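In what follows, a structure is listed as structure tokens, so that the remarks can point back to it.
Values in this document were obtained by computation on a predicted structure and should not be read as measured data.
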Amino acid sequence: MPSHRTFGCTEGGTAETMMVPLADMANHDFNRPTRWDYNDKKSGFTVRVVRAVGSNAMLTDTYGNKGNDSFLPVYGFCVESNNWNQARFAMPLANVYGTTFDTFSSGTSNNI
């Protein structure tokens with residue numbers, strides 16, 4: 001089951017992963033006005049509006065607290081001002097004598 005089109009819910013006290021047509025079409029917004037869950041009394045998935053929205057406002061959902069390194073390859077978009085962005089890089093460390101330090105253990109890989 002594709003994980004980017006599913007919702008984790010609890011149905012009858014059991015954790016379930018559900019595919020919900022149309023609900024998975026909502027655009028992303030970190031400050032979404034909606035919340036979703038499975039409603040046992042209604043025997044169905046529900047989306048609730050939890051704060052006031054304008055009459056022509058788009059109802060959005062969040063795709064999670066992720067950086068653009070997750071959004072772009074999985075969902076095909078980037079968020080312009082994304083506080084969850086991160087950078088990963090590896091950089092060898094060397095002192096002025098050319099000694100390379102192993103960044104994953106204590107000490108140096110070469111003696112001075």
Report task. Determine the minimum heavy-atom distance between F71 and K66, stating which atoms define it. Result -> CE1-O, 3.3 Å

Report summary line: Across all chains, not counting sequence neighbours, the ring-ring contact (aromatic ring centres under 6.0 Å, His included) partners of F45 are F7, W36

Requested in this report: Kindly write out the residues that satisfy side-chain contact (heavy atoms from CB on, under 4.5 Å) with K41, not counting sequence neighbours, or none if the list is empty.
Outcome: N39

Query - Heavy-atom check, side chain of Q86 versus side chain of D69, under 4.5 Å - result: yes

Query raised in the report: For L59, which residues count as a side-chain contact (heavy atoms from CB on, under 4.5 Å) partner, sequence neighbours excluded?
Result: P33, T34, V49, V53

Requested in this report: Quick one: do R51 and N31 satisfy side chain to side chain contact (heavy atoms under 4.5 Å, CB included)? Show the steps, please.
Outcome: CA-CA 11 Å; R51 62 179 165 82; N31 189 27; 3.7 Å; yes

Report summary line: Taken in chain and number order and not counting sequence neighbours, the residues that satisfy side-chain contact (heavy atoms from CB on, under 4.5 Å) with T10 are none

Query raised in the report: Between the side chain of N85 and the main-chain N/O of N68, is any donor-acceptor distance below 3.5 Å?
Result: yes

**Report entry** Those residues that, when tested against N83, pass side-chain contact (heavy atoms from CB on, under 4.5 Å) (two or more places apart)
**Finding:** none

**Report entry** Remaining members of hydrophobic cluster (4.5 Å side-chain criterion), M58
**Finding:** none

**Report entry** Shortest non-hydrogen contact between C78 and L72, atoms and distance
**Finding:** SG-CB, 3.9 Å

Query raised in the report: So how far is it from D37 CG to K42 NZ, rounded to the nearest 0.5 Å?
Result: 9.5 Å

Query raised in the report: From R35 CZ over to T46 OG1, what is the distance, rounded to the nearest 0.5 angstrom?
Result: 12.5 Å

**Report entry** Short side-chain donor-acceptor distance under 3.5 Å, D29 and T62
**Finding:** no

Requested in this report: Evaluate the criterion side chain to side chain contact (heavy atoms under 4.5 Å, CB included) for residue pair F30 and N82; output intermediate values, then yes/no.
Outcome: CA-CA 9 Å; F30 287 119; N82 187 340; 3.6 Å; yes

Query raised in the report: Should the pair Y63 and F77 be assigned to parallel (<30°), tilted (30 to 60°) or perpendicular (>60°) ring geometry?
Result: perpendicular

Requested in this report: Looking only at non-hydrogen atoms, find the nearest pair between Y38 and M18 and report the distance.
Outcome: CD1-CE, 3.3 Å

Query raised in the report: At their closest point, which heavy atom of T60 faces which heavy atom of H28, and how far apart are they?
Result: CB-C, 4.5 Å

